[in-house]
There are 2 protein chains.
Amino acid sequence: MTPSREVAASAVIHVVDDDDAFRAAIARLLRVAGYEVKDYRSAGDYLVDAPPDGPGCLLLDLHMPGPDGLELQEAVLRRGDGLPIIFLTGHGDVRQSVRAMRQGAADFLVKPVNREELLAAIRAALQRQERELSTSRWRRDLAERYATLTPREKQVLEGVVTGALNKQIAALLGTSERTIKAHRAKIMLKMRVDSVAELVHASAALRPRGAGGKPVD
Amino acid sequence: MTPSREVAASAVIHVVDDDDAFRAAIARLLRVAGYEVKDYRSAGDYLVDAPPDGPGCLLLDLHMPGPDGLELQEAVLRRGDGLPIIFLTGHGDVRQSVRAMRQGAADFLVKPVNREELLAAIRAALQRQERELSTSRWRRDLAERYATLTPREKQVLEGVVTGALNKQIAALLGTSERTIKAHRAKIMLKMRVDSVAELVHASAALRPRGAGGKPVD
DNA sequence: CGGCGCATTGCACCAAAGGACAATGCGGCC
DNA sequence: GGCCGCATTGTCCTTTGGTGCAATGCGCCG
(Lines give C-alpha, C1' and ligand atoms only; values in the text may rest on other atoms or scores of the structure.)
Protein backbone atom coordinates (compact mmCIF):
# COMPACT_ATOMS: atom_id res chain seq x y z
CA MET A 1 0.00 0.00 0.00
CA THR A 2 2.13 2.79 1.32
CA PRO A 3 5.12 3.21 -0.93
CA SER A 4 7.88 3.58 1.60
CA ARG A 5 8.71 7.23 1.20
CA GLU A 6 11.21 8.69 3.56
CA VAL A 7 10.39 12.26 2.63
CA ALA A 8 10.16 13.18 6.30
CA ALA A 9 6.97 15.17 5.88
CA SER A 10 7.48 17.84 8.50
CA ALA A 11 5.65 17.01 11.67
CA VAL A 12 2.13 18.28 12.13
CA ILE A 13 1.23 19.90 15.42
CA HIS A 14 -2.46 19.68 16.15
CA VAL A 15 -3.51 22.52 18.37
CA VAL A 16 -6.84 22.28 20.16
CA ASP A 17 -7.82 25.39 22.10
CA ASP A 18 -11.01 27.39 22.29
CA ASP A 19 -9.19 30.70 22.62
CA ASP A 20 -8.92 32.03 19.08
CA ALA A 21 -6.25 34.58 19.82
CA PHE A 22 -4.09 32.17 21.70
CA ARG A 23 -4.47 29.53 19.04
CA ALA A 24 -3.43 31.95 16.36
CA ALA A 25 -0.42 33.01 18.34
CA ILE A 26 0.70 29.50 19.02
CA ALA A 27 0.16 28.50 15.43
CA ARG A 28 2.32 31.37 14.25
CA LEU A 29 5.03 30.53 16.71
CA LEU A 30 5.06 26.91 15.67
CA ARG A 31 5.05 27.66 11.97
CA VAL A 32 8.01 29.92 12.43
CA ALA A 33 9.71 27.09 14.20
CA GLY A 34 9.19 25.02 11.08
CA TYR A 35 6.24 22.89 12.00
CA GLU A 36 3.08 22.36 10.08
CA VAL A 37 0.11 23.35 12.20
CA LYS A 38 -3.52 22.40 12.22
CA ASP A 39 -5.75 24.04 14.72
CA TYR A 40 -9.12 23.15 16.11
CA ARG A 41 -11.54 25.15 18.20
CA SER A 42 -12.87 22.18 20.16
CA ALA A 43 -12.37 18.53 20.92
CA GLY A 44 -15.13 17.72 18.52
CA ASP A 45 -13.42 19.58 15.71
CA TYR A 46 -10.41 17.40 16.17
CA LEU A 47 -12.26 14.16 16.54
CA VAL A 48 -14.41 14.51 13.45
CA ASP A 49 -11.36 14.21 11.24
CA ALA A 50 -9.85 10.84 10.67
CA PRO A 51 -6.97 10.10 13.01
CA PRO A 52 -3.86 11.62 11.45
CA ASP A 53 -1.13 9.09 11.05
CA GLY A 54 1.98 10.95 10.07
CA PRO A 55 4.50 12.27 12.53
CA GLY A 56 3.13 14.94 14.83
CA CYS A 57 1.69 15.63 18.22
CA LEU A 58 -1.25 17.17 19.98
CA LEU A 59 -1.25 20.38 21.94
CA LEU A 60 -4.35 20.51 24.09
CA ASP A 61 -5.95 23.09 26.23
CA LEU A 62 -7.49 21.69 29.35
CA HIS A 63 -10.49 23.95 29.78
CA MET A 64 -12.77 24.02 26.82
CA PRO A 65 -16.46 24.15 26.23
CA GLY A 66 -17.70 20.70 25.40
CA PRO A 67 -15.38 17.80 26.14
CA ASP A 68 -12.36 19.12 28.00
CA GLY A 69 -8.75 18.20 27.40
CA LEU A 70 -8.72 15.15 29.61
CA GLU A 71 -11.81 13.76 27.98
CA LEU A 72 -10.34 14.39 24.59
CA GLN A 73 -7.22 12.60 25.69
CA GLU A 74 -9.23 9.57 26.62
CA ALA A 75 -11.04 9.62 23.32
CA VAL A 76 -7.78 9.92 21.46
CA LEU A 77 -6.35 6.99 23.36
CA ARG A 78 -9.40 4.91 22.68
CA ARG A 79 -9.30 5.76 19.04
CA GLY A 80 -5.65 4.96 18.94
CA ASP A 81 -4.26 7.99 17.16
CA GLY A 82 -0.61 7.49 17.68
CA LEU A 83 0.04 11.06 18.71
CA PRO A 84 1.71 12.08 21.93
CA ILE A 85 -0.23 14.69 23.85
CA ILE A 86 1.08 17.85 25.43
CA PHE A 87 -1.24 19.79 27.65
CA LEU A 88 -0.99 23.51 27.72
CA THR A 89 -3.35 25.17 30.08
CA GLY A 90 -4.04 28.29 32.07
CA HIS A 91 -4.93 27.02 35.49
CA GLY A 92 -2.97 23.86 35.84
CA ASP A 93 -3.98 22.08 38.94
CA VAL A 94 -1.93 19.25 40.32
CA ARG A 95 -4.71 16.71 40.27
CA GLN A 96 -5.32 17.29 36.64
CA SER A 97 -1.68 17.16 35.72
CA VAL A 98 -1.29 13.90 37.57
CA ARG A 99 -4.26 12.43 35.86
CA ALA A 100 -3.07 13.59 32.48
CA MET A 101 0.39 12.22 32.97
CA ARG A 102 -0.91 8.98 34.28
CA GLN A 103 -2.96 8.65 31.16
CA GLY A 104 0.18 8.93 29.18
CA ALA A 105 0.48 12.61 28.41
CA ALA A 106 3.88 13.53 27.06
CA ASP A 107 3.99 16.76 29.01
CA PHE A 108 1.87 19.21 30.90
CA LEU A 109 2.70 22.90 30.62
CA VAL A 110 1.17 25.91 32.25
CA LYS A 111 0.44 29.18 30.52
CA PRO A 112 2.08 31.50 30.10
CA VAL A 113 4.64 29.22 28.62
CA ASN A 114 8.15 30.05 27.75
CA ARG A 115 8.74 29.72 24.04
CA GLU A 116 11.81 27.57 24.43
CA GLU A 117 10.07 25.36 26.92
CA LEU A 118 7.22 24.74 24.55
CA LEU A 119 9.49 23.91 21.66
CA ALA A 120 11.55 21.63 23.82
CA ALA A 121 8.43 19.81 24.94
CA ILE A 122 7.36 19.40 21.35
CA ARG A 123 10.70 18.14 20.25
CA ALA A 124 10.65 15.60 23.05
CA ALA A 125 7.15 14.52 22.18
CA LEU A 126 7.96 14.13 18.52
CA GLN A 127 11.01 12.14 19.32
CA ARG A 128 9.04 9.89 21.56
CA GLN A 129 6.44 9.41 18.89
CA GLU A 130 9.00 8.58 16.30
CA ARG A 131 10.11 5.70 18.43
CA GLU A 132 6.57 4.48 18.88
CA LEU A 133 5.25 5.18 15.42
CA SER A 134 6.73 2.34 13.49
CA THR A 135 5.91 -0.22 16.10
CA SER A 136 2.40 1.02 16.58
CA ARG A 137 1.74 0.85 12.86
CA TRP A 138 3.16 -2.60 12.85
CA ARG A 139 0.84 -3.58 15.66
CA ARG A 140 -2.13 -2.20 13.87
CA ASP A 141 -1.29 -4.27 10.84
CA LEU A 142 -0.93 -7.32 12.98
CA ALA A 143 -4.25 -6.70 14.64
CA GLU A 144 -5.87 -6.47 11.25
CA ARG A 145 -4.40 -9.74 10.17
CA TYR A 146 -5.29 -11.37 13.42
CA ALA A 147 -8.85 -10.28 12.90
CA THR A 148 -9.00 -12.33 9.73
CA LEU A 149 -8.31 -15.53 11.61
CA THR A 150 -11.26 -17.80 12.20
CA PRO A 151 -12.05 -18.71 15.81
CA ARG A 152 -10.55 -22.10 15.32
CA GLU A 153 -7.38 -20.67 13.92
CA LYS A 154 -7.08 -18.38 16.91
CA GLN A 155 -7.28 -21.37 19.19
CA VAL A 156 -4.57 -23.13 17.27
CA LEU A 157 -2.45 -20.01 17.30
CA GLU A 158 -2.79 -19.90 21.04
CA GLY A 159 -1.40 -23.38 21.24
CA VAL A 160 1.42 -22.69 18.85
CA VAL A 161 2.74 -19.63 20.64
CA THR A 162 2.57 -21.61 23.84
CA GLY A 163 5.05 -24.00 22.36
CA ALA A 164 2.71 -26.94 22.19
CA LEU A 165 3.31 -29.70 19.69
CA ASN A 166 0.79 -30.23 16.96
CA LYS A 167 -0.34 -33.47 18.50
CA GLN A 168 -0.86 -31.75 21.83
CA ILE A 169 -2.91 -29.00 20.30
CA ALA A 170 -4.87 -31.64 18.45
CA ALA A 171 -5.61 -33.49 21.66
CA LEU A 172 -6.55 -30.25 23.34
CA LEU A 173 -8.99 -29.29 20.65
CA GLY A 174 -10.17 -32.82 20.11
CA THR A 175 -9.18 -33.07 16.47
CA SER A 176 -6.44 -34.70 14.49
CA GLU A 177 -2.88 -33.62 14.05
CA ARG A 178 -3.43 -33.25 10.36
CA THR A 179 -6.10 -30.67 10.97
CA ILE A 180 -3.80 -28.64 13.16
CA LYS A 181 -1.24 -28.60 10.41
CA ALA A 182 -3.83 -27.30 8.02
CA HIS A 183 -4.77 -24.52 10.41
CA ARG A 184 -1.17 -23.68 11.08
CA ALA A 185 -0.48 -23.27 7.41
CA LYS A 186 -3.45 -20.98 7.10
CA ILE A 187 -2.32 -18.99 10.10
CA MET A 188 1.17 -18.47 8.77
CA LEU A 189 -0.33 -17.22 5.54
CA LYS A 190 -2.86 -14.91 7.08
CA MET A 191 -0.45 -13.47 9.59
CA ARG A 192 2.16 -13.08 6.88
CA VAL A 193 4.96 -14.61 8.83
CA ASP A 194 7.22 -17.40 7.78
CA SER A 195 8.57 -18.77 10.98
CA VAL A 196 7.23 -19.72 14.36
CA ALA A 197 9.61 -17.22 15.91
CA GLU A 198 8.00 -14.38 14.02
CA LEU A 199 4.60 -15.68 14.91
CA VAL A 200 5.47 -15.64 18.57
CA HIS A 201 6.83 -12.12 18.28
CA ALA A 202 3.72 -11.04 16.52
CA SER A 203 1.23 -12.55 18.85
CA ALA A 204 3.16 -11.21 21.81
CA ALA A 205 2.86 -7.74 20.32
CA LEU A 206 -0.86 -8.26 20.02
CA ARG A 207 -1.43 -8.86 23.69
CA PRO A 208 -2.62 -5.74 25.51
CA ARG A 209 0.13 -5.09 28.03
CA GLY A 210 3.43 -5.49 26.28
CA ALA A 211 5.20 -5.86 29.61
CA GLY A 212 3.84 -9.27 30.41
CA GLY A 213 5.97 -12.32 30.77
CA LYS A 214 5.58 -15.90 31.77
CA PRO A 215 6.41 -16.55 35.41
CA VAL A 216 4.81 -19.93 34.77
CA ASP A 217 7.24 -21.75 37.04
CA MET B 1 18.37 -19.41 46.26
CA THR B 2 15.13 -17.87 47.47
CA PRO B 3 12.90 -20.59 48.79
CA SER B 4 9.60 -19.61 47.25
CA ARG B 5 7.64 -18.50 50.27
CA GLU B 6 4.23 -17.12 49.66
CA VAL B 7 3.72 -15.91 53.22
CA ALA B 8 2.48 -12.56 51.95
CA ALA B 9 4.45 -10.53 54.42
CA SER B 10 2.24 -7.49 54.83
CA ALA B 11 3.41 -4.66 52.67
CA VAL B 12 5.82 -2.14 54.14
CA ILE B 13 5.14 1.53 53.60
CA HIS B 14 8.28 3.60 53.77
CA VAL B 15 7.45 7.12 54.82
CA VAL B 16 10.02 9.83 54.28
CA ASP B 17 9.10 13.23 55.66
CA ASP B 18 10.94 15.74 57.78
CA ASP B 19 7.86 16.76 59.70
CA ASP B 20 7.86 14.61 62.82
CA ALA B 21 4.27 15.24 63.73
CA PHE B 22 3.00 14.53 60.27
CA ARG B 23 5.09 11.41 59.96
CA ALA B 24 3.75 10.11 63.22
CA ALA B 25 0.20 10.79 62.15
CA ILE B 26 0.61 9.11 58.83
CA ALA B 27 2.34 6.16 60.38
CA ARG B 28 -0.50 5.71 62.80
CA LEU B 29 -3.07 5.96 60.08
CA LEU B 30 -1.30 3.41 57.94
CA ARG B 31 -0.76 0.99 60.78
CA VAL B 32 -4.40 1.12 61.60
CA ALA B 33 -5.07 0.33 57.98
CA GLY B 34 -3.02 -2.80 58.42
CA TYR B 35 0.29 -1.84 56.87
CA GLU B 36 3.69 -2.14 58.33
CA VAL B 37 5.36 1.26 58.41
CA LYS B 38 8.93 2.41 58.47
CA ASP B 39 9.58 6.09 58.69
CA TYR B 40 12.58 8.20 57.89
CA ARG B 41 13.32 11.82 58.67
CA SER B 42 15.30 12.44 55.50
CA ALA B 43 16.27 11.02 52.14
CA GLY B 44 19.59 10.02 53.60
CA ASP B 45 17.94 8.06 56.36
CA TYR B 46 16.15 6.02 53.77
CA LEU B 47 19.08 5.53 51.46
CA VAL B 48 21.52 4.32 54.08
CA ASP B 49 19.50 1.18 54.53
CA ALA B 50 19.76 -1.55 51.97
CA PRO B 51 17.03 -1.42 49.35
CA PRO B 52 14.03 -3.26 50.76
CA ASP B 53 12.85 -5.98 48.49
CA GLY B 54 9.55 -7.22 49.77
CA PRO B 55 6.21 -5.78 48.76
CA GLY B 56 5.74 -2.16 49.73
CA CYS B 57 5.92 1.39 48.51
CA LEU B 58 7.41 4.75 49.26
CA LEU B 59 5.56 7.78 50.52
CA LEU B 60 7.71 10.83 49.99
CA ASP B 61 7.48 14.42 51.00
CA LEU B 62 8.73 16.79 48.37
CA HIS B 63 10.26 19.54 50.47
CA MET B 64 12.89 18.34 52.81
CA PRO B 65 16.19 19.58 54.08
CA GLY B 66 18.98 17.86 52.21
CA PRO B 67 18.02 15.98 49.07
CA ASP B 68 14.39 16.65 48.28
CA GLY B 69 11.78 14.17 47.17
CA LEU B 70 12.57 14.34 43.49
CA GLU B 71 16.24 13.79 44.09
CA LEU B 72 15.45 10.90 46.34
CA GLN B 73 13.25 9.49 43.60
CA GLU B 74 16.11 9.59 41.17
CA ALA B 75 18.42 7.93 43.62
CA VAL B 76 15.87 5.24 44.26
CA LEU B 77 15.47 4.62 40.55
CA ARG B 78 19.17 4.44 40.03
CA ARG B 79 19.54 2.04 42.86
CA GLY B 80 16.73 -0.04 41.50
CA ASP B 81 14.62 -0.51 44.61
CA GLY B 82 11.54 -2.02 43.10
CA LEU B 83 9.20 0.23 45.04
CA PRO B 84 6.56 2.45 43.52
CA ILE B 85 6.69 6.02 44.80
CA ILE B 86 3.83 8.16 45.96
CA PHE B 87 4.51 11.81 46.57
CA LEU B 88 2.66 13.55 49.32
CA THR B 89 3.44 17.17 49.67
CA GLY B 90 2.25 20.48 50.99
CA HIS B 91 2.78 22.85 48.13
CA GLY B 92 2.35 20.73 45.08
CA ASP B 93 3.31 22.65 42.03
CA VAL B 94 2.44 21.41 38.58
CA ARG B 95 5.97 21.39 37.30
CA GLN B 96 7.09 19.19 40.10
CA SER B 97 4.18 16.85 39.77
CA VAL B 98 4.84 16.49 36.07
CA ARG B 99 8.45 15.80 36.64
CA ALA B 100 7.67 13.28 39.32
CA MET B 101 5.14 11.47 37.21
CA ARG B 102 7.41 11.45 34.23
CA GLN B 103 10.05 9.83 36.33
CA GLY B 104 7.63 7.09 37.08
CA ALA B 105 5.95 8.15 40.28
CA ALA B 106 2.88 6.10 41.05
CA ASP B 107 0.95 9.09 42.30
CA PHE B 108 1.30 12.64 43.49
CA LEU B 109 -0.96 13.83 46.27
CA VAL B 110 -1.29 17.19 47.89
CA LYS B 111 -1.69 17.78 51.62
CA PRO B 112 -4.02 17.85 53.29
CA VAL B 113 -4.91 14.52 51.90
CA ASN B 114 -8.14 12.70 52.30
CA ARG B 115 -7.63 9.48 54.19
CA GLU B 116 -9.46 7.40 51.64
CA GLU B 117 -7.60 8.97 48.84
CA LEU B 118 -4.29 8.15 50.41
CA LEU B 119 -5.24 4.57 51.06
CA ALA B 120 -6.56 4.19 47.55
CA ALA B 121 -3.31 5.52 46.15
CA ILE B 122 -1.37 3.09 48.27
CA ARG B 123 -3.49 0.18 47.25
CA ALA B 124 -3.02 1.09 43.62
CA ALA B 125 0.71 1.44 44.04
CA LEU B 126 1.02 -1.87 45.80
CA GLN B 127 -1.03 -3.54 43.17
CA ARG B 128 1.12 -2.07 40.47
CA GLN B 129 4.22 -3.24 42.21
CA GLU B 130 2.86 -6.70 42.60
CA ARG B 131 2.41 -6.92 38.87
CA GLU B 132 5.91 -5.72 38.20
CA LEU B 133 7.58 -7.70 40.88
CA SER B 134 7.03 -11.14 39.48
CA THR B 135 7.95 -10.20 35.96
CA SER B 136 11.03 -8.31 37.05
CA ARG B 137 12.17 -11.27 39.07
CA TRP B 138 11.52 -13.46 36.09
CA ARG B 139 13.62 -11.20 33.93
CA ARG B 140 16.42 -11.25 36.39
CA ASP B 141 16.44 -15.01 36.29
CA LEU B 142 16.49 -14.98 32.53
CA ALA B 143 19.34 -12.54 32.49
CA GLU B 144 21.29 -14.81 34.77
CA ARG B 145 20.74 -17.76 32.54
CA TYR B 146 21.55 -15.77 29.47
CA ALA B 147 24.82 -14.78 31.08
CA THR B 148 25.83 -18.42 31.22
CA LEU B 149 25.68 -18.74 27.45
CA THR B 150 28.95 -18.77 25.61
CA PRO B 151 29.46 -16.09 22.94
CA ARG B 152 28.86 -18.63 20.26
CA GLU B 153 25.65 -19.78 21.84
CA LYS B 154 24.45 -16.21 22.00
CA GLN B 155 25.03 -15.87 18.29
CA VAL B 156 23.07 -18.99 17.61
CA LEU B 157 20.30 -17.85 19.90
CA GLU B 158 20.13 -14.64 17.93
CA GLY B 159 19.56 -16.64 14.80
CA VAL B 160 16.99 -18.91 16.35
CA VAL B 161 14.77 -16.15 17.69
CA THR B 162 15.00 -14.53 14.29
CA GLY B 163 13.37 -17.56 12.84
CA ALA B 164 16.36 -18.68 10.81
CA LEU B 165 16.71 -22.32 9.85
CA ASN B 166 19.59 -24.24 11.29
CA LYS B 167 21.26 -24.40 7.93
CA GLN B 168 20.95 -20.66 7.53
CA ILE B 169 22.48 -20.01 10.90
CA ALA B 170 25.20 -22.44 10.02
CA ALA B 171 25.95 -20.63 6.80
CA LEU B 172 25.90 -17.32 8.62
CA LEU B 173 28.37 -18.46 11.21
CA GLY B 174 30.37 -20.48 8.80
CA THR B 175 29.92 -23.82 10.49
CA SER B 176 27.91 -26.95 9.92
CA GLU B 177 24.29 -27.56 10.64
CA ARG B 178 25.20 -30.24 13.10
CA THR B 179 27.10 -27.75 15.15
CA ILE B 180 24.14 -25.43 15.31
CA LYS B 181 22.03 -28.27 16.56
CA ALA B 182 24.52 -28.91 19.29
CA HIS B 183 24.48 -25.26 20.33
CA ARG B 184 20.73 -25.14 20.22
CA ALA B 185 20.45 -28.08 22.55
CA LYS B 186 22.83 -26.41 24.95
CA ILE B 187 20.86 -23.19 24.77
CA MET B 188 17.56 -24.84 25.52
CA LEU B 189 19.15 -26.46 28.53
CA LYS B 190 20.84 -23.38 29.86
CA MET B 191 17.85 -21.14 29.34
CA ARG B 192 15.60 -23.76 30.89
CA VAL B 193 12.99 -23.64 28.20
CA ASP B 194 11.62 -26.52 26.22
CA SER B 195 10.23 -24.94 23.12
CA VAL B 196 11.28 -22.38 20.60
CA ALA B 197 8.22 -20.36 21.50
CA GLU B 198 9.36 -20.03 25.09
CA LEU B 199 12.81 -19.18 23.93
CA VAL B 200 11.50 -16.37 21.80
CA HIS B 201 9.40 -15.08 24.67
CA ALA B 202 12.38 -15.20 26.95
CA SER B 203 14.84 -13.50 24.70
CA ALA B 204 12.27 -10.83 23.89
CA ALA B 205 11.95 -10.15 27.60
CA LEU B 206 15.70 -9.77 27.79
CA ARG B 207 15.88 -6.95 25.32
CA PRO B 208 15.98 -3.52 27.00
CA ARG B 209 12.81 -1.83 25.78
CA GLY B 210 9.98 -4.32 25.95
CA ALA B 211 8.02 -2.27 23.43
CA GLY B 212 10.20 -3.14 20.47
CA GLY B 213 8.87 -4.96 17.49
CA LYS B 214 9.97 -6.00 14.08
CA PRO B 215 8.90 -3.67 11.29
CA VAL B 216 11.36 -5.61 9.19
CA ASP B 217 9.23 -5.41 6.08
C1' DC C 1 52.04 -31.53 30.82
C1' DG C 2 47.15 -33.03 31.70
C1' DG C 3 42.52 -31.52 32.42
C1' DC C 4 38.66 -28.65 31.19
C1' DG C 5 35.59 -25.78 28.67
C1' DC C 6 34.28 -24.61 24.17
C1' DA C 7 33.57 -25.11 19.36
C1' DT C 8 33.18 -28.36 15.79
C1' DT C 9 31.58 -32.50 13.13
C1' DG C 10 30.20 -37.07 11.28
C1' DC C 11 26.75 -40.71 11.18
C1' DA C 12 22.59 -42.77 12.06
C1' DC C 13 17.93 -42.48 13.59
C1' DC C 14 13.60 -40.82 15.23
C1' DA C 15 10.14 -37.22 15.75
C1' DA C 16 7.86 -33.18 14.22
C1' DA C 17 6.61 -29.84 10.80
C1' DG C 18 5.01 -28.77 6.29
C1' DG C 19 3.51 -29.27 1.50
C1' DA C 20 0.80 -31.77 -2.25
C1' DC C 21 -3.47 -33.75 -3.68
C1' DA C 22 -7.89 -34.97 -2.56
C1' DA C 23 -12.22 -35.35 -0.33
C1' DT C 24 -16.31 -34.85 3.06
C1' DG C 25 -19.73 -32.46 5.96
C1' DC C 26 -22.06 -28.37 7.70
C1' DG C 27 -24.23 -23.91 7.85
C1' DG C 28 -25.24 -19.54 5.50
C1' DC C 29 -26.49 -16.73 1.65
C1' DC C 30 -28.24 -15.44 -3.14
C1' DG D 1 -30.69 -25.77 -4.70
C1' DG D 2 -26.00 -24.41 -5.51
C1' DC D 3 -21.84 -21.78 -4.12
C1' DC D 4 -18.74 -20.66 -0.49
C1' DG D 5 -16.23 -20.47 3.76
C1' DC D 6 -14.78 -23.25 7.47
C1' DA D 7 -13.44 -27.31 9.78
C1' DT D 8 -11.90 -31.83 9.21
C1' DT D 9 -9.00 -35.83 7.59
C1' DG D 10 -6.30 -39.15 5.01
C1' DT D 11 -2.07 -40.64 2.58
C1' DC D 12 2.47 -39.87 0.92
C1' DC D 13 6.77 -37.61 0.83
C1' DT D 14 10.35 -34.10 2.01
C1' DT D 15 12.52 -31.01 5.02
C1' DT D 16 13.81 -29.77 9.64
C1' DG D 17 14.69 -30.36 14.27
C1' DG D 18 16.53 -33.08 17.97
C1' DT D 19 19.33 -36.98 20.15
C1' DG D 20 22.83 -40.45 21.06
C1' DC D 21 27.49 -41.74 20.44
C1' DA D 22 31.95 -40.53 19.39
C1' DA D 23 35.88 -37.89 18.29
C1' DT D 24 39.11 -33.81 17.21
C1' DG D 25 41.37 -29.38 17.91
C1' DC D 26 42.42 -25.20 20.58
C1' DG D 27 43.46 -22.20 24.38
C1' DC D 28 43.87 -21.67 29.32
C1' DC D 29 45.11 -22.90 34.02
C1' DG D 30 47.28 -25.25 37.84
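Each chain gets a letter, A, B and so on, in the order the sequences are listed, and its residues count up from 1. Quantities reported herein were computed from a predicted structural model and do not represent experimental measurements.
- Residue B:R152 is in sugar-phosphate contact alone, with no base atom involved, counting any heavy-atom pair closer than 4.0 Å across all strands shown.
- Between the CZ atom of B:R184 and the C1' atom of D:dG17 there is a distance of 7 Å, rounded to whole Å.
- OP1 or OP2 of D:dT16 has not a single side-chain nitrogen or oxygen of B:N166 nearer than 4.0 Å.
- B:E153 has its CD atom 13 Å from the P atom of C:dG5, to the nearest Å.
- Taking CD1 from A:I26 and CG from A:D17, the interatomic distance works out to 8.0 Å, rounded to the nearest 0.5 Å.
- Contact between the side-chain N/O atoms of B:T150 and the OP1/OP2 oxygens of C:dA7 is found at a separation under 4.0 Å.
- Rounding to whole angstrom units, CG of residue A:L189 and C1' of C:dA17 are separated by 15 Å.
- At most 12 non-hydrogen atoms from other residues, nucleotides or ligands lie less than 6.0 angstrom from CD of A:E130.
- Electrostatic pairing of A:K190 and A:E144 does not count as a salt bridge here, judged by no charged N lying under 4.0 Å from a carboxylate O.
- Within the nucleic acid shown, A:T179 comes within 4.0 Å of at least one base atom, counting heavy atoms only.
- DNA chain C is contacted by both B:K181 and B:L173; B:L173 maps to the nucleotide lying nearer its 5′ end (nearest heavy atom per residue).
- Whole-Å rounding puts the A:E177 CD to C:dA17 C1' distance at 8 Å.
- Counting to the nearest Å, the C1' atom of C:dA17 and the CZ atom of A:R178 are 11 Å from each other.
- Mapping A:S176 and A:K186 onto DNA chain D by nearest heavy atom places A:K186 at the nucleotide closer to the 5' end.
- The aromatic rings of B:Y46 and B:Y40 sit perpendicular, their planes meeting at an angle over 60°, well past the 30° parallel limit.
- Under 4.0 Å is where a charged nitrogen must lie from a carboxylate oxygen, and between A:R102 and B:D107 at least one such pair does.
- Going from atom CG of B:L165 over to atom P of C:dG19 covers 12 Å, rounded to whole Å.
- Distance B:K167 NZ to D:dT15 P: 8 Å, rounded to the nearest Å.
- The phosphate of C:dC6 has neither OP1 nor OP2 within less than 4.0 Å of any side-chain N or O from B:H183.
- Taking atom CD of B:Q155 as the reference point, atom P of C:dA7 lies 9 Å away to the nearest angstrom.
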